[in-house]
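Notes follow once the structure below has been shown.
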Amino acid sequence: MKTISKNACFGGTQGVYSHASDVCACDMTFGLFLPAEATDGPVPVLWYLSGLTCTHENAMTKAGAQAWAAEHGIALVFPDTSPRGDNVADDEAYDLGKGAGFYVNATQEPWAPHFQMWDYIAEELPALLGDSFPLDMERQGITGHSMGGHGALTLAMNLPGRFLSVSAFAPIANPTSSDWGKKQLGAYLGEDTSAWARHDATLLMAEKGFDGPVLIDQGASDQFLDLLKPEALSAAIAIKRQNGTFRMQPGYDHSYFFVSTFMEDHVAFHAEALYAG
């Protein structure tokens, strides 16, 4: 693992690191904020998964999460959204290929050799973090924006017991019924739609739910509402009687202005779960 940069940040440290990923067969980069409390011992972890076109850097510099994480003594992990490198397959469209990994393990060519983002986020990166930094991997929460909100919700519901809390900002909520989903799941996983279901938050909520608290914020003026399909997830939460809060925020769009506005609420929500008991 290589240290790309380290900066003092709200009494802690914002670092950027790269490492050779076995599952993605390329070098991967991630950001990690460690609060001041990490100098005294392991601290809880909050994952932030970013959306389409993003790298590790977008949320790290735009979301304003470090101030609130420092207040609660929580580490923040900012992974990349896809594999990178000259030999990694890509597409001319912004919503497929590099920057659009969709947090799945691709089974189709040309994506399968590198696009193993599920295993990277669920297995490889957590193991590396736990071995290398003062993190309490028994206390993890996860959040994300757009495609990252989709990833946060699907990981949380498919990995019971891994995360104590899950939240999302404007998640791609029902990708099996959306053009933000059908295209990517078909490309990465093939045309057998039965393989898509475990990557659809609405279907998972209806089938499994989550064994902890859920918080969803959605901008009512989001320009991508028809693609995100928040109403499907909201209905599934209600039908499942999930311990969850779904908030439609008037006037807010899909941007990081929206994310940063409600970041304080989300970090506090996770802190409550991570420090419960």
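Every heavy atom of this structure was used, including side-chain atoms; hydrogens, water molecules and symmetry mates were not. Keep in mind the model is a prediction, meaning the values are calculated, not measured.
- In this structure, Phe257 shares a hydrophobic cluster with no other residue, the cluster being traced through Ile, Leu, Val, Met, Phe, Trp and Tyr side chains under 4.5 angstrom apart.
- Rounding to the nearest 0.5 angstrom, the gap separating the CG atom in Asp226 from the CD atom in Gln223 is 11.5 Å.
- The salt bridge (charged side-chain N to carboxylate O under 4.0 Å, His left out) test applied to Asp211 returns no partner, not counting sequence neighbours.
- Judged by distance alone, with hydrogens and angles left aside, the side-chain atoms of Thr154 form no donor-acceptor pair with the main-chain N or O of Ala201 at under 3.5 Å.
- When each of Thr53, Asp91, Val88 is paired with Lys98, the side chain to side chain contact (heavy atoms under 4.5 Å, CB included) condition holds for Val88 and for no other.
- Residue pairs meeting the salt bridge (charged side-chain N to carboxylate O under 4.0 Å, His left out) criterion with at least one partner in residues 152-163, sequence neighbours excluded, are Glu123-Arg162.
- Ionic pairing of Arg247 and Asp265 is present here: one or more N-O contacts between side-chain nitrogen and carboxylate oxygen are shorter than 4.0 angstrom.
- Asp95 meets the salt bridge (charged side-chain N to carboxylate O under 4.0 Å, His left out) test with Lys183; sequence neighbours excluded.
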Does the side chain to side chain donor-acceptor pair (under 3.5 Å) test come out yes or no for Thr176 and Asp200, once each step is laid out?
CA-CA 6 Å; Thr176 61; Asp200 186 306; 2.6 Å; yes
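- When hydrophobic side chains of Ile, Leu, Val, Met, Phe, Trp and Tyr are connected at separations under 4.5 Å, Phe269 ends up clustered with Leu215.
- Here the two rings, on Tyr188 and Trp111, have centers that are under 6.0 Å apart.
- Looking only at side-chain heavy atoms (C-beta outward), Pro250 and Met248 stay at 4.5 Å or farther from each other.
- Taking Phe169 as the reference, His266 meet the ring-ring contact (aromatic ring centres under 6.0 Å, His included) condition, with sequence neighbours excluded.
- For the side-chain hydrogen bond (donor to acceptor under 3.5 Å, both in side chains) condition, no pair includes a residue of residues 22-41, sequence neighbours left out.
- Within the structure, ring-ring contact (aromatic ring centres under 6.0 Å, His included) contacts touching residues 122-151 (residues at least two apart or in different chains) are Tyr17-Phe133, Phe102-His150, His145-His254, His145-Tyr256.
- Rounding to the nearest 0.5 Å places CG of Leu185 at 12.0 Å from CG of Asp192.
- A distance of 10.0 Å separates CZ of Phe224 from CD1 of Ile172, quoted to the nearest 0.5 Å.
- A donor-acceptor pair under 3.5 Å is formed between the side chain of Ser178 and the backbone N or O of Trp180.
- With sequence neighbours left out, His270 forms a ring-ring contact (aromatic ring centres under 6.0 Å, His included) with no residue at all.
- Here Asp179 pairs with nothing under the salt bridge (charged side-chain N to carboxylate O under 4.0 Å, His left out) rule; sequence neighbours left out.
- Side chain of Ser82 to main chain of Gly99: a donor-acceptor pair is present (N/O by atom type, distance under 3.5 Å, no hydrogens or angles).
- The side-chain heavy atoms of Trp47 and Phe78, taken from C-beta on, include no pair separated by under 4.5 Å.
- Within the 4.5 Å cutoff, side-chain heavy atoms of Tyr94 are placed close to those of Leu52.
- No side-chain heavy atom of Val23 sits less than 4.5 Å from a side-chain heavy atom of Met117.
- Remark: side-chain polar atoms of Asn105 are paired, donor with acceptor, to backbone N or O of Asp119 under 3.5 angstrom.
- A heavy-atom distance below 4.5 Å is not found between the side chains of Phe258 and Asp222.
- Contact annotation: the side chain of Arg139 approaches that of Leu164 to within less than 4.5 Å [non-hydrogen atoms, C-beta and beyond].
- Evaluation of the side-chain hydrogen bond (donor to acceptor under 3.5 Å, both in side chains) test over residues 230-244, restricted to residues two or more places apart or in two chains, returns none.
- Taking the side chain as every heavy atom from C-beta outward, Leu129 and Val45 never approach each other to under 4.5 Å.
- To the nearest 0.5 Å, atom SG of residue Cys24 and atom CZ of residue Phe115 are 9.0 Å apart.
- A heavy-atom distance below 4.5 Å is not found between the side chains of Val43 and Ile74.
- Under a hydrophobic-cluster definition in which Ile, Leu, Val, Met, Phe, Trp and Tyr are linked whenever side-chain heavy atoms come within less than 4.5 Å, directly or via other members, Leu159 and Leu128 are assigned to the same cluster.
- The backbone N or O of Ser167 sits less than 3.5 Å from a side-chain atom of Thr143, completing a donor-acceptor pair.
- Tyr252 and Phe262 have their aromatic ring centers within a separation under 6.0 angstrom.
- Counting only N and O atoms by type, the side chains of Gln249 and Asp217 include a donor and acceptor under 3.5 Å apart.
- Among residue pairs with one or both ends in residues 55-76, those qualifying as side-chain hydrogen bond (donor to acceptor under 3.5 Å, both in side chains) are Gln14-Gln66; sequence neighbours excluded.
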